[in-house]
2 protein chains.
Amino acid sequence: MSAGREVRDAVLSGYMAERGLKTTRQRTLIIDTFFEVGGHLSVEELWGRVRGRDTRVSVATVYRTMKLLAESGLVHAQNFGDGQARYEVAVGREHHDHLICTGCGAIVEFENDRIEALQEAVARRHGFQVRSHKMELYGLCRNCQRG
Amino acid sequence: MSAGREVRDAVLSGYMAERGLKTTRQRTLIIDTFFEVGGHLSVEELWGRVRGRDTRVSVATVYRTMKLLAESGLVHAQNFGDGQARYEVAVGREHHDHLICTGCGAIVEFENDRIEALQEAVARRHGFQVRSHKMELYGLCRNCQRG
DNA sequence: CTCAGTGCAAAGTCTTTGCACGATT
DNA sequence: AATCGTGCAAAGACTTTGCACTGAG
């Protein structure tokens, strides 16, 4: 994934330079931690992991940093119905959707071009011009079906 | 839609009788108002309409009543990303998904069996047993595309 | 008469924000 | 040195809840 990291750093550096944003200890730590985990993290969860490495980071900064990443296009905010926003890596990836296990909370990503095509067709039929979409399938993963 | 109303009343009466719940002025008013509008209402919006008819109803009661309806299976809570829950009629209807206009907020419902079938297939391929799903297409409706 | 329901305000979540201090460019 | 960033706590938005009073059955 070093290629991924390069893309990420390039996008982020460009965005920050362009806006005169500064590179701080907190931002670096939060961003590195987030991308190491790979996404689907809530702010609270991310904050937990960040504090494991440096206690002197406040939640407010994590909120602010994730918002910044979202604005730069590096991540997307998602909402899986548990009341808190979850972020996932957005840059350098195809669009995808989610399978969410209601038992253990596992999140599996998938893509399906046929579904996307059908979505487009449905939208067109209703006169809509689709900009984005969101599809989530909730159920039990293989492990949780045994419970 | 008088048939719809009968189904609704039967489901609700059954549910209430079974649990010893009482029929009150507030509940009747909230429920009637909600079903007259037909759904996709947030609590705040519904409260507004209810208060138009009777000022003596509190938001808390609207929250409690909608929660009751959701538990009885008459309505479903949805979350279209604007930060507040929206309820829609659930009983006596097929599953459906939503097209949401990011311009004017219009919400259009649709169903598509082929998409549902593909969703099932995807889930099976990942070992998931799907219980429910949610699909939203965001974009501009015909009118808003002119803007 | 009894127990559920209601109004009100307080409390709970998650998230944002104002302000004074601290760090980066 | 000039700004932007951070921590902290307060404030916001939405929703839930405790409590004393009201009303349905």
Side-chain angles (χ1 to χ4, degrees), chain A residues 9 12-34 40-51 53-72 75-87 105, chain B residues 9 12-34 40-51 53-72 75-87 105:
Chain A
D9 287 352
L12 191 57
S13 302
Y15 184 85
M16 293 180 84
E18 172 182 293
R19 305 206 175 191
L21 303 176
K22 294 172 179 174
T23 301
T24 65
R25 168 176 59 83
Q26 291 90 331
R27 283 187 182 161
T28 305
L29 178 55
I30 292 167
I31 294 170
D32 285 351
T33 304
F34 177 78
H40 299 138
L41 286 173
S42 69
V43 168
E44 205 72 21
E45 289 166 355
L46 179 54
W47 187 39
R49 289 174 185 261
V50 166
R51 269 188 309 179
R53 300 189 189 178
D54 184 341
T55 341
R56 301 165 301 163
V57 177
S58 77
V59 222
T61 298
V62 181
Y63 273 106
R64 288 190 271 232
T65 302
M66 294 315 288
K67 196 172 190 179
L68 190 71
L69 289 184
E71 283 161 4
S72 77
V75 307
H76 278 153
Q78 291 274 336
N79 206 308
F80 296 127
D82 59 352
Q84 50 193 344
R86 287 178 180 280
Y87 289 92
Chain B
D9 287 351
L12 191 57
S13 302
Y15 183 84
M16 294 181 84
E18 173 182 291
R19 305 206 176 190
L21 304 176
K22 293 173 179 173
T23 301
T24 65
R25 167 176 60 84
Q26 291 92 328
R27 282 187 181 161
T28 305
L29 177 55
I30 293 167
I31 294 169
D32 285 350
T33 304
F34 177 78
H40 298 138
L41 286 174
S42 68
V43 168
E44 206 71 21
E45 290 166 353
L46 179 53
W47 187 39
R49 290 174 184 262
V50 165
R51 269 187 309 178
R53 301 190 189 177
D54 184 343
T55 340
R56 299 165 303 164
V57 177
S58 75
V59 221
T61 299
V62 181
Y63 274 106
R64 289 190 272 232
T65 302
M66 294 315 288
K67 195 172 189 179
L68 190 72
L69 288 185
E71 284 161 4
S72 77
V75 307
H76 279 153
Q78 292 274 336
N79 205 310
F80 295 127
D82 59 351
Q84 48 193 343
R86 288 179 180 280
Y87 289 91

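Chain letters run A, B, ... following the sequence lines, proteins first and then strands; every chain starts at 1.
Comparing B/M16 and A/A60, the nucleotide of DNA chain C nearest to each residue sits closer to the 5' end for B/M16. Mapping B/R86 and A/G20 onto DNA chain D by nearest heavy atom places A/G20 closer to the 5' end of the strand. Of the two residues near DNA chain D, A/T23 and B/S42, the one whose nearest nucleotide lies more 5' is A/T23.
Distance, B/E18 CD to C/dA4 C1': 16 Å, rounded to whole Å. With rounding to whole Å, A/N79 atom CG is found 11 Å from C/dC14 atom C1'. To the nearest angstrom, P of D/dT15 lies 11 Å from CE of B/M66. Going from atom CG of A/L68 over to atom C1' of D/dG5 covers 11 Å, rounded to whole Å. Atom CZ of A/R56 is separated from atom C1' of C/dA23 by 12 Å (rounded to the nearest Å). Residue B/Q84 contributes atom CD, which lies 18 Å from atom P of D/dG12 at whole-angstrom precision. Taking atom CG on B/D82 and atom C1' on D/dA13, their separation rounds to 12 Å, with Å as the unit. Following rounding to the nearest Å, B/E45 (CD) and D/dC14 (P) show an atom-to-atom distance of 11 Å.
Nearest to the side chain of A/K22, among D/dT3, C/dA4, D/dT17, sits D/dT3. Picking from C/dT17, D/dG18, D/dG25 the nucleotide with the shortest atom distance to the side chain of A/R64 gives C/dT17. Counting only heavy atoms from C-beta on, B/R27 has its side chain closest to C/dT6 among C/dT6, D/dG7, C/dT15. Side-chain atoms of B/L21 lie closest to C/dG5 of the nucleotides C/dG7, D/dC8, C/dG5. Comparing C/dG7, C/dA4, D/dG5 against the side chain of A/T24 picks out D/dG5 as the nearest. The nucleotide whose nearest atom lies closest to any side-chain atom of A/Y63 is, among C/dT15, C/dT17, D/dT16, C/dT15.
An OP1 or OP2 oxygen of C/dA23 is reached within less than 4.0 angstrom by no side-chain nitrogen or oxygen of A/Q26.
Annotation: side chain of A/N79 is not in contact with side chain of B/N79 (no heavy-atom distance under 4.5 Å).
A/V59 comes within 4.0 angstrom of nothing in the nucleic acid, heavy atoms only.
In this structure, OG on A/S58 lies 8.0 Å from CD on A/Q26, to the nearest 0.5 angstrom.
Other residues, nucleotides and ligands contribute over 12 non-hydrogen atoms within 6.0 Å of the CZ atom of A/R51.
No donor-acceptor pair under 3.5 Å is formed between the side chain of B/W47 and the backbone N or O of B/T61.
A/R86 and A/S42 get closest at one heavy-atom pair: NH1-N, 3.7 Å.
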